Asker: 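Here it is, the structure, as structure tokens.
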Amino acid sequence: MSETVPESAARPVQEIVVVSGLPRSGTSMMMRMLDAGGMPILTDYVRTADEDNPRGYYEFERVKRLRADQSWLPEAVGKAVKIISFLLESLPGGYFYRVLFMQRSLPEVLASQRKMLERRGMPVADPGADDRRMTELYLRHLSHTVRWLQNRPNMRVMPVGHLDAIADPAAAARRVNAFLGGRLDEAKMAAAVDRDLHRQRHPDGK
């Protein structure tokens with residue numbers, strides 16, 4: 001995915017920063033970076049930190065009902081909010097969205113999701129078969145989502161590699177800050193990246 005913004009895009013005054021991606025793709029890490037850098041964030045702290053996300057989830061519960069309830073969007077203007085990629089198509093017009101789309105190796109995403117389920121006492125009976133099924137689902141979803149985003153005149157999208165942000169937090173902070181207008185504290189953003197939380201790694205060591 002490349003950064004996209006149609007030439008004809010007319011930017012409304014009301015702008016919302018959206019941190020998106022698959023579950024367990026690094027969205028909480030990016031929200032933490034933005035928070036540390038001085039970006040106002042929309043979160044209610046209902047979902048508290050746990051073993052899977054020791055530094056917090058940065059979620060806003062009403063996002064989960066986005067398809068049915070969009071009345072909270074005015075609260076997000078001028079702030080960053082985390083919205084899972086499966087809900088992006090429910091975002092209404094009337095706003096300009098800057099989307100930071102987290103990209104992570106699918107084997108790592110699936111391993112992280114499986115570990116979370118195991119901690120909650122819900123082990124997968126056949127991890128291999130489940131991973132194959134979920135990989136196909138996610139690949140179709142991501143392909144569709146990329147095409148959809150590219151055709152939205154009120155959205156600008158910047159992909160952020162999860163591994164890239166962990167390997168070089170300073171470079172990731174510079175890119176994100178430039179994308180968002182250059183007003184954030186890049187040093188604090190980079191310092192918010194905790195490499196020790198990269199616990200599910202790609203089988204080839206990446």
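Note that the coordinates shown come from a computational prediction; the quantities given were computed from them, not determined experimentally. For the single chain, residues carry numbers from 1 onward in sequence order.
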Asker: Using every non-hydrogen atom in the two residues, find where Pro169 and Ala190 come nearest and quote the distance to one decimal.
Answerer: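 Where Pro169 meets Ala190 most closely, the heavy atoms are CB-O, 3.6 Å.
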
Asker: Keeping the roles fixed (side chain from Ser112, backbone from Arg24), state whether a donor-acceptor pair exists under 3.5 Å.
Answerer: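 Not at all, since once roles are kept as given, no pair shorter than 3.5 Å links the two residues.
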
Asker: Mind checking side chain to side chain contact (heavy atoms under 4.5 Å, CB included) for Ala171 and listing every partner two or more places apart, or none if nothing turns up?
Answerer: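 Result, side chain to side chain contact (heavy atoms under 4.5 Å, CB included) vs Ala171: Asp168, Arg174.
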
Asker: Output yes when a side-chain donor or acceptor of Asn154 lies under 3.5 Å from a complementary backbone atom of Phe96, and no otherwise.
Answerer: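 Checked: no pair found.
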
Asker: Distance from Asp130 atom CG to Gln113 atom CD, nearest 0.5 Å?
Answerer: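 Answer for the CG-CD pair, Asp130 versus Gln113, is 9.0 Å.
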
Asker: Once you round to the nearest 0.5 Å, how far does CE of Met29 lie from CD1 of Ile166?
Answerer: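 The CD1 atom of Ile166 is 5.0 Å from CE of Met29, to the nearest 0.5 Å.
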
Asker: How close do Pro74 and Ser71 get, heavy atom to heavy atom, and via which atoms?
Answerer: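 Shortest heavy-atom contact: CD-O, 3.3 Å.
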
Asker: Quick one: are Trp72 and Leu66 in side-chain contact, heavy atoms under 4.5 Å?
Answerer: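 Result yes, sub-4.5 Å side-chain heavy-atom pair found.
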
Asker: Distance check, rounded to the nearest 0.5 Å: Ser90 atom OG versus Leu73 atom CG?
Answerer: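 Reported value, rounded in 0.5 Å steps: 10.5 Å.
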
Asker: Within the distance-only criterion (no hydrogens, no angle test), does the side chain of Asn177 pair as donor or acceptor with the backbone N or O of Glu186 below 3.5 angstrom?
Answerer: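 Such a contact is absent between Asn177 side chain and Glu186 backbone.
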
Asker: Do you see a donor-acceptor pair shorter than 3.5 Å between the side chains of His144 and Glu89?
Answerer: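 A pair is found: one side chain offers a donor N or O, the other an acceptor, under 3.5 Å apart.
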
Asker: Are the side chain of Asp164 and the backbone N or O of Val160 linked by a donor-acceptor pair below 3.5 Å?
Answerer: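 Between the backbone of Val160 and the side chain of Asp164 there is no qualifying donor-acceptor contact (under 3.5 Å).
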
Asker: Any idea how His141 and Phe86 line up, ring-wise: parallel (<30°), tilted (30 to 60°), or perpendicular (>60°)?
Answerer: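 If you compare the ring of His141 with that of Phe86, the planes turn out parallel.
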
Asker: Determine the minimum heavy-atom distance between Asn151 and Arg147, stating which atoms define it.
Answerer: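 Nearest heavy atoms, Asn151 then Arg147: ND2-O, 3.0 Å.
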
Asker: Looking at Leu163, is its backbone amide N or carbonyl O close enough to the side chain of Arg104 to form a donor-acceptor pair, meaning the two atoms are under 3.5 Å apart?
Answerer: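 The answer is no, because no donor-acceptor pair under 3.5 Å joins these two groups.
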
Asker: Taking the side chain as everything from C-beta on, heavy atoms only, tell me whether Leu100 gets closer than 4.5 Å to Ser20.
Answerer: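 When only atoms from C-beta onward are counted, Ser20 and Leu100 do not touch, as no gap falls below 4.5 Å.
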
Asker: How long is the span from the CG atom in Leu110 to the NZ atom in Lys115, to the nearest 0.5 Å?
Answerer: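 Taking CG in Leu110 and NZ in Lys115, the distance rounds to 14.5 Å.
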
Asker: Taking the side chain as C-beta and beyond, is there a heavy-atom pair between Ile84 and Lys64 under 4.5 Å?
Answerer: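 They are not in side-chain contact.
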
Asker: Just so I know, are the side chains of Leu91 and Met155 near enough to count as touching, which here means a heavy-atom distance under 4.5 Å?
Answerer: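 Yes, at least one pair of side-chain atoms sits under 4.5 Å.
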
Asker: Test side chain to side chain contact (heavy atoms under 4.5 Å, CB included) on Thr145 and Phe101 and set out the steps.
Answerer: CA-CA 11 Å; Thr145 301; Phe101 200 95; 4.1 Å; yes

Asker: Ignoring hydrogens and angles, state whether a donor on the side chain of His162 or Ser25 is under 3.5 Å from an acceptor on the partner side chain.
Answerer: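 Short answer, no.
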
Asker: Nearest 0.5 Å, what's the CD1-OG1 distance between Ile83 and Thr27?
Answerer: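 Answer rounded to 0.5 Å: 11.0 Å.
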
Asker: Keeping Thr135 on the side-chain end and Asp131 on the backbone end, is there a donor-acceptor pair under 3.5 Å?
Answerer: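 Checked: pair present.
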
Asker: Less than 6.0 angstrom from the centroid, inside 45 degrees of the normal: does Arg32 satisfy that with respect to the ring of Tyr58?
Answerer: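 No; the conditions do not both hold, so Arg32 does not lie above the ring face of Tyr58.
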
Asker: With rounding to the nearest 0.5 Å, note down the distance linking CE in Met33 to CD1 in Ile41.
Answerer: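 Met33 atom CE to Ile41 atom CD1 measures 13.5 Å (nearest 0.5 Å).
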
Asker: Do Val17 and Val81 come close enough that some side-chain heavy atom pair is under 4.5 Å?
Answerer: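 Result no, sub-4.5 Å side-chain heavy-atom pair not found.
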
Asker: So, for Phe179 and Arg98, which heavy atoms are closest and what is the spacing to 0.1 Å?
Answerer: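 So the minimum-distance heavy-atom pair works out to O-NH1, 2.7 Å.
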
Asker: Do Val77 and Glu15 have side chains that approach each other closer than 4.5 Å (heavy atoms only, starting at C-beta)?
Answerer: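 A side-chain contact under 4.5 Å is absent here.
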
Asker: Step by step, work out the side chain to side chain contact (heavy atoms under 4.5 Å, CB included) result for Leu87 and Arg67.
Answerer: CA-CA 7 Å; Leu87 292 176; Arg67 292 190 179 98; 3.3 Å; yes

Asker: Could you please spell out the steps behind the side chain to side chain contact (heavy atoms under 4.5 Å, CB included) verdict for Tyr97 and Leu149?
Answerer: CA-CA 11 Å; Tyr97 302 96; Leu149 287 169; over 6 Å; no

Asker: Membership question, hydrophobic clusters at under 4.5 Å side-chain separation (ILVMFWY): are Leu88 and Leu137 in the same one?
Answerer: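 Looking at the clustering, Leu88 is in the same group as Leu137.
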
Asker: Taking all non-hydrogen atoms of both residues, which atom of Ala165 and which atom of Val193 are closest, and how far apart?
Answerer: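 Minimum heavy-atom contact is O-CG1, 4.0 Å.
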
Asker: With a 4.5 Å heavy-atom cut-off, do Leu184 and Met189 have their side chains touching?
Answerer: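 Yes. Closest side-chain heavy atoms under 4.5 Å.
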
Asker: Is it true that Arg133 and Glu136 have a side-chain N and a carboxylate O under 4.0 angstrom from each other?
Answerer: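 No, this pair does not count.
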
Asker: Evaluate the criterion side chain to side chain contact (heavy atoms under 4.5 Å, CB included) for residue pair Glu59 and Met31; output intermediate values, then yes/no.
Answerer: CA-CA 9 Å; Glu59 293 183 355; Met31 288 292 289; over 6 Å; no

Asker: Is there a side-chain contact between Gln150 and Trp148 (heavy atoms, below 4.5 Å)?
Answerer: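 Side chain of Gln150 against side chain of Trp148, heavy atoms only: no contact under 4.5 Å found.
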
Asker: Give the minimum heavy-atom separation between Lys188 and Asp185, together with the two atoms involved.
Answerer: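 Shortest heavy-atom contact: N-OD1, 3.1 Å.
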
Asker: Looking at Met39, Lys79, Lys82, which one forms a side-chain contact (heavy atoms from CB on, under 4.5 Å) with Leu34?
Answerer: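 Among the candidates, only Met39 passes.
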
Asker: I'd like to know if Glu61 pairs up with Arg47 as an ion pair, taking the criterion as any Lys NZ or Arg NE/NH1/NH2 lying under 4.0 Å from an Asp or Glu carboxylate oxygen.
Answerer: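 Here Glu61 does not pair with Arg47 in a salt bridge, since their nearest N and O are not under 4.0 Å apart.
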
